[in-house]
Amino acid sequence: MRYSQMFLPTTREVPSDAELVSHQLMIRAGMIRKLTSGVYSYLPLGYRVIRKFEQIVREEMTHAGAEEVFLPIVQPSELWQESGRWLYYGKELLRFRDRHDRECCLGPTHEEVITDLVRNEIKTYRQLPKILFQIQTKFRDEIRPRFGVMRAREFGMKDAYSFDEDEQHSEISYKKMYDAYMRIFSRCGMRFRPVEADSGSIGGSYSHEFMVMADSGEDAVCYCSSCDYAANLEKAEVARPQVNEAADTVEPMEEVYTPSVKSIEDLCRFLQIKPSEIVKTLVFSADGRPVAVLVRGDHEINEIKLKNYLHCNFLELADEEMIRAASGASKGFAGAVGIKARIIADYSLLGMNDVVMGANRDDFHLRHVKIGRDFRVDEFADLRMIRQDDPCPKCGGKITIARGIEVGHVFKLGTKYSKAMKAVFLDRDGKEKTMIMGCYGIGIGRTVAAVIEQNHDENGIIWPLVLAPYHVIIVPVNLKEKNIASAADKLYGQLLERGIETIYDDRDERVGVKFNDADLIGIPYRVTIGPKRLAEGTLEIKDRRSGEVTVVPIERAAGFLQTVIDSQK
RNA sequence: CGGGGCGUAGCGCAGCCCGGUAGCGCGCCUGCUUUGGGAGCAGGAUGUCGCAGGUUCAAAUCCUGCCGCCCCGACCA
C-alpha cells in the first residue's frame with residue numbers, strides 16, 4: 001500500500017503514560033489508541049499483526065483437530081447461576097440488565113456458553129471427542145488495567161474447549177492443545193516456557209501456563225537449572241525438608257518483654273537473632289473461621305497453597321478482632337502456644353526446634369519454644385512460597401526465579417462445569433456419564449505485545465516475518481527525481497504482482513523521516529532507492545533485525561526479496 | 001478500595017505559590033528553498049485552561065464538589 005494513503009499515525013514522542021516498551025511502541029507505531037481505561041482500538045497496522053497471529057492460531061488449532069465457532073459475548077445470568085459462578089466470580093464480571101430487566105453479563109470467558117451448547121447437541125459417546133475454539137473479544141472489568149493491551153479490560157482471546165468421554169481421552173485432548181501451543185509460540189519465534197500452574201478460580205485439576213520470558217512480565221516463574229521442572233511461583237512445590245531427629249535438649253520456654261516489637265526485623269534487632277530462628281504466626285480467616293498458619297520468619301506464605309489446602313472459598317488475613325479473639329493479643333504478638341484456632345504449619349517447621357514466637361500477650365514474645373513440647377501442630381503442609389536457590393522439588397537441583405508474561409493457559413477442567421450444568425452422554429453400556437472437559441486460552445493482543453517486548457531495539461519494533469504487518473517497505477530517497485520515482489513505482493508493481501506485502505513510502509518527506517518510521521514500525525526489509533546506487537543500476541535492501549545491507553541490481557530486487565521471504569515461511 | 005500525582009492547542013509541557021490581554025516545543029496549513037537518518041526561511045490557523053458551583057470589580061490561578069487519567073498498594077487470573 002502507498003504510505004500516503006494509509007492511516008498510520010506514528011509519533012516521535014514517547015507517550016507519558018506508557019511504561020512498557022511494547023505499550024510505548026504500539027502507540028508510537030500507530031498500532032493502537034486508547035478509547036478509555038483498559039479499552040483499545042486497533043488501527044490498521046496493529047490489526048494486520050493481530051490477524052497474522054490469529055491466522056497462525058487458527059492453523060494450529062485446525063491442525064490439532066479443533067473446529068472454530070463464534071459464541072455470544074452477551075450472556076444470560078441463568079447459565080452463570082447454573083455453574084455457580086454468578087455468585088463466585090466477583091466484580092470482574094461486568095453485569096447489567098436488558099430492557100426486560102433480565103440480568104446479563106459480558107463474557108469474561110465462555111465455559112458456560114460452550115457447555116450449554118454441547119450438552120444440548122451431544123448425546124452419545126459416538127459424538128465425542130470434540131474440541132471447539134473461537135477467537136472472541138472478552139471483557140473482564142479489571143480493577144486496575146495497565147500496560148496497554150497487556151492487561152486490558154476488553155481483549156481478544158482464543159479460547160478452546162474439549163469434551164471427552166473419560167480421563168484418558170481428556171488427557172489426549174489436553175496433549176493436543178499443549179502441543180499446538182508449543183507450535184504456535186515457536187512459530188512466532190518467541191522465547192517461552194510452559195510451566196505448571198495453579199488452576200485458580202476457573203477450577204479443575206491441573207494446568208500449564210505458557211510464559212514468555214521478559215523482565216517486564218507480571219508473573220514470576222521458577223525453573224530448575226538441572227531438570228525440566230518449571231512452575232508458576234504460586235504453584236511451585238517446596239520439597240519437604242529432611243529432618244534428622246537429633247535429641248535436642250531445649251531450655252524451658254520463657255517469656256521475654258518485647259515492647260512494641262511487632263515486625264520480624266524489629267524482633268531480630270531486639271533479640272539479636274536471625275529471621276530463620278523465628279516462627280511467624282499468621283491468623284487467617286477461612287470462610288469466617290480462624291486458622292493459625294506457622295511459617296519460618298524468613299519465609300513467605302503462599303496463600304494459593306493455603307487456600308487449596310484448606311479447600312475454602314474465601315481466604316483472607318484475619319482482622320484485629322478475630323486475631324484478638326483467637327490469640328488474646330493484638331496484631332504482631334500472635335503465637336501458637338495457647339492460640340484458639342486450628343494450627344497448620346509449613347513443612348519447614350519440622351526442622352526447627354528452639355524457636356522464638358509471639359506470646360499471645362501484648363509486648364511479649366516467647367523463646368526456647370519447642371514444637372510438640374510447648375504446643376501442638378494440627379497439620380503440616382507445604383504452604384510457603386518457593387525462593388531463589390531452593391532445591392527443585394523434582395530433582396533437588398537449584399531453583400531459579402524469573403519473570404514472564406502469561407500468553408497461554410491450558411486447563412484440565414474435569415467435570416467442574418459438565419457436572420454443574422449436566423453435560424452428559426450415554427456410553428457404550430448405555431450408562432449416563434458426565435463429560436470430561438478441558439479449556440485452553442491464548443491472549444491475542446497480549447501475545448503481540450509480548451512479541452514486541454522480545455523484539456525491539458532503540459529505534460522501534462523488529463517484527464518476526466510471520467507476524468510483520470508488511471514484509472517490505474520501499475523508500476525512495478527523493479520522489480522529485482523522476483528516475484528514482486519511476487524505479488520505485490516499478491519495483492512496487494513487481495512486488496505487488498508477486499503478492500509480497502509492501503508499503504511504498506511515497507510521502508513527500510525527507511528520507512530521515514522515512515527511515516525512522518520504517519524502523520519504528522518494524523518492517524523486516526527496507527528497500528532504499530537513491531541517486532548514487534540508481535546510477536549504477538542497483539538498490540539497497542536492509543534487514544531490520546541484523547542491520548545488514550545488501551546491494552542488489554534493480555531488476556533482480558523483486559526476485560531476491562521473494563526468495564528471502566519464502567525461505568522464512 | 002487506601003495512598004500519591006496529573007488534567008492548559010492534535011501531542012509533550014510552562015504559567016497557578018503571589019488573581020489582572022494564555023504561552024513554549026513538536027505537529028498542522030500556505031509559499032519558496034532543500035533532499036541518504038526526524039531540514040531551513042517567511043507567513044498562518046488552533047484553546048469552553050476537565051466539568052459544575054462559590055469567593056472577587058476580575059479566576060487557568062483561591063475555595064468546594066464531581067468526573068477522567070496515571071503511578072504504588074490491596075484485589076483479581
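FYI, side chains are in, hydrogens and waters are out, and symmetry mates aren't considered; it's all heavy atoms of this structure. Letters A, B, ... are given to chains in the order of the sequence lines, protein chains preceding strands, and every chain is numbered from 1.
Rounded to an integer number of Å, the gap from Asp517(A) CG to G37(B) P is 15 Å. Between the P atom of C72(B) and the CD atom of Glu19(A) lies a distance of 5 Å, rounded to the nearest Å. Nucleotide G68(B) holds its P atom 14 Å from the CG atom of Leu35(A), rounded to whole Å. Taking atom CG of residue Asn516(A) and atom P of nucleotide G36(B), one finds them 14 Å apart after rounding to whole Å. In this structure, NZ of Lys480(A) is placed 9 Å from P of U33(B), rounded to the nearest angstrom. Atom P of nucleotide A77(B) and atom CE of Met157(A) are separated by 13 Å, given to the nearest angstrom.
Checking U34(B) for Watson-Crick or G-U wobble geometry (two distances, each under 3.5 Å) identifies no partner in any strand. Pairing for C66(B) goes to G50(B), judged as Watson-Crick or G-U wobble with the two contacts each under 3.5 Å. Pairing of A14(B), defined by two Watson-Crick or G-U wobble distances under 3.5 Å, is not identified with any nucleotide. Of the nucleotides present, C57(B) is the one that pairs with G20(B) by Watson-Crick or G-U wobble criteria, both distances under 3.5 Å. Nucleotide C1(B) is matched to G73(B) when pairs are restricted to Watson-Crick or G-U wobble geometry with both distances under 3.5 angstrom. When both pairing distances are held under 3.5 Å, G43(B) makes a Watson-Crick or G-U pair with C29(B).
Here Arg446(A) lies out of heavy-atom contact (under 4.0 Å) with every strand. Looking at heavy-atom distances under 4.0 Å, Val513(A) makes contact with a base. The residue Arg28(A) sits close to a base: some heavy atom pair falls under 4.0 Å. At a threshold of 4.0 angstrom between heavy atoms, the contacts of Thr528(A) include nucleobase atoms, whether or not backbone atoms are also involved. When heavy atoms are screened at a 4.0 angstrom cut-off, Arg151(A) is found touching base atoms of the nucleic acid. Nucleic acid contact for Lys542(A): base, since at least one base atom lies under 4.0 Å from a heavy atom of the residue.
Each of C70(B), G36(B), G25(B) was ranked by its minimum atom distance to the side chain of Phe515(A); first place goes to G36(B). Picking from C1(B), C71(B), C11(B) the nucleotide with the shortest atom distance to the side chain of Arg144(A) gives C71(B).
Asp141(A) and Arg153(A) are joined by a salt bridge, as a carboxylate oxygen and a charged side-chain nitrogen come within less than 4.0 angstrom of each other.
When the side-chain nitrogen and oxygen atoms of Lys91(A) are compared with OP1 and OP2 of C1(B), none of them lie within a distance under 4.0 Å.
Applying the 3.5 Å distance criterion, the base of A77(B) shares no donor-acceptor pair with the side chain of Glu218(A). Residue-to-nucleotide contacts include no donor-acceptor pair under 3.5 Å from the side chain of Asn478(A) to the base of G36(B).
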Query - Stepwise side-chain contact (heavy atoms from CB on, under 4.5 Å) test for Thr115(A) and Glu112(A) - result: CA-CA 5 Å; Thr115(A) 306; Glu112(A) 282 79 2; 6.0 Å; no
Requested in this report: For side chain to side chain donor-acceptor pair (under 3.5 Å), just list the numbers for Glu234(A) and Asn302(A), CA-CA rounded to whole Å, side-chain angles, deciding distance to a tenth of an Å, and then say yes or no.
Outcome: CA-CA 7 Å; Glu234(A) 296 163 341; Asn302(A) 181 331; over 6 Å; no
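Relative to the ring axis of Phe155(A), Arg446(A) does not place its NZ or CZ within 45° and under 6.0 Å from the centre.
Phe411(A) and His409(A) have parallel rings, their planes meeting at less than 30° on a 0 to 90° scale where 60° marks the start of perpendicular. Using cut-offs of 30° and 60° for the angle between ring planes, the Tyr174(A) and His208(A) rings count as tilted.
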